[in-house]
Amino acid sequence: MQKFQTIMIVISLIAVFLLEPTFIFIVGYFGGLILNWIFGSMVVESLNIIFRTDRFATDMLPWLIATVSMFASFFTRHNIDNNDK
């Protein structure tokens with residue numbers, strides 16, 4: 001019984017580590033869609049001005065936001081202790 005619980009914990013942890021980036025990517029994509037519908041052309045024009053290029057297009061915006069949000073999720077810190085410092 002103990003071996004089964006250990007195997008299930010390991011499988012659960014692997015599933016969480018694989019599904020968390022996917023979930024963050026999907027949420028970022030939908031956030032990018034909403035941003036595209038509301039401010040799409042303004043954001044794309046600003047990115048083209050900032051980077052001095054004409055490569056960014058409005059249909060790229062959801063993918064760009066999803067990718068950036070997934071990469072940013074790897075660098076977040078989570079405070080799990082209860083000590084107030």
Side-chain angles (χ1 to χ4, degrees):
M1 188 69 177
Q2 183 70 18
K3 186 176 180 181
F4 177 73
Q5 289 176 346
T6 305
I7 291 172
M8 289 306 293
I9 289 172
V10 169
I11 290 173
S12 300
L13 287 174
I14 290 171
V16 165
F17 286 127
L18 291 177
L19 293 178
E20 182 183 9
T22 305
F23 179 71
I24 291 172
F25 187 85
I26 291 169
V27 170
Y29 183 82
F30 285 118
L33 274 177
I34 293 170
L35 182 70
N36 190 15
W37 290 332
I38 298 172
F39 300 111
S41 61
M42 184 171 52
V43 172
V44 168
E45 288 175 13
S46 300
L47 286 172
N48 284 330
I49 290 171
I50 290 171
F51 294 112
R52 295 182 185 174
T53 185
D54 58 351
R55 293 183 185 171
F56 294 106
T58 55
D59 57 338
M60 292 174 54
L61 198 57
W63 294 105
L64 181 69
I65 299 296
T67 305
V68 169
S69 65
M70 189 182 70
F71 284 138
S73 72
F74 293 127
F75 299 107
T76 58
R77 284 188 123 183
H78 300 287
N79 189 8
I80 57 172
D81 59 350
N82 293 330
N83 297 336
D84 292 331
K85 295 181 182 179

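Atom CG of Leu47 is separated from atom CG of Asp54 by 13.0 Å, given to the nearest 0.5 angstrom. Here CD1 of Ile9 is found 10.5 Å from CZ of Phe4. Values are rounded to the nearest 0.5 Å. How far OG1 of Thr58 is from CD of Glu45: 10.0 Å, rounded to the nearest 0.5 Å. Distance check: Phe25 CZ to Ile65 CD1 gives 11.0 Å after rounding to the nearest 0.5 Å. Here OG of Ser12 is found 10.5 Å from CG of Leu19. Values are rounded to the nearest 0.5 Å.
Taking both residues in full, the closest heavy atoms of Met60 and Arg55 are given as SD-O, 3.4 Å, listed atom of the first, atom of the second, then distance. Taking all atoms of both residues into account, the shortest heavy-atom contact from Trp63 to Thr67 is O-OG1, 2.8 Å. When every heavy atom of Leu64 is checked against every heavy atom of Phe56, the shortest pair comes out as CD2-CE2, 4.2 Å. Taking both residues in full, the closest heavy atoms of Pro62 and Asn36 are given as CD-ND2, 4.1 Å, listed atom of the first, atom of the second, then distance. Met70 approaches Phe74 most closely through the heavy-atom pair O-CD1, 3.4 Å. Of all non-hydrogen atoms in Ser69 and Gly28, the two that sit nearest each other are OG-CA, 3.6 Å.
Linking Ile, Leu, Val, Met, Phe, Trp and Tyr residues whenever their side-chain heavy atoms come within less than 4.5 Å leaves Leu33 and Phe23 in two separate clusters. If you chain together hydrophobic residues whose side chains sit under 4.5 Å apart, Leu18 and Val10 fall into the same group. Criterion: ILVMFWY side-chain heavy atoms under 4.5 Å apart, direct or through other members. Under it, Met42 and Val44 are part of a common hydrophobic cluster. Taken together through direct or relayed side-chain contacts under 4.5 Å among Ile, Leu, Val, Met, Phe, Trp and Tyr, Leu35 and Phe51 form part of one hydrophobic cluster. Hydrophobic clustering (ILVMFWY, side-chain heavy atoms < 4.5 Å, transitive): Ile50 and Leu61 are in one cluster.
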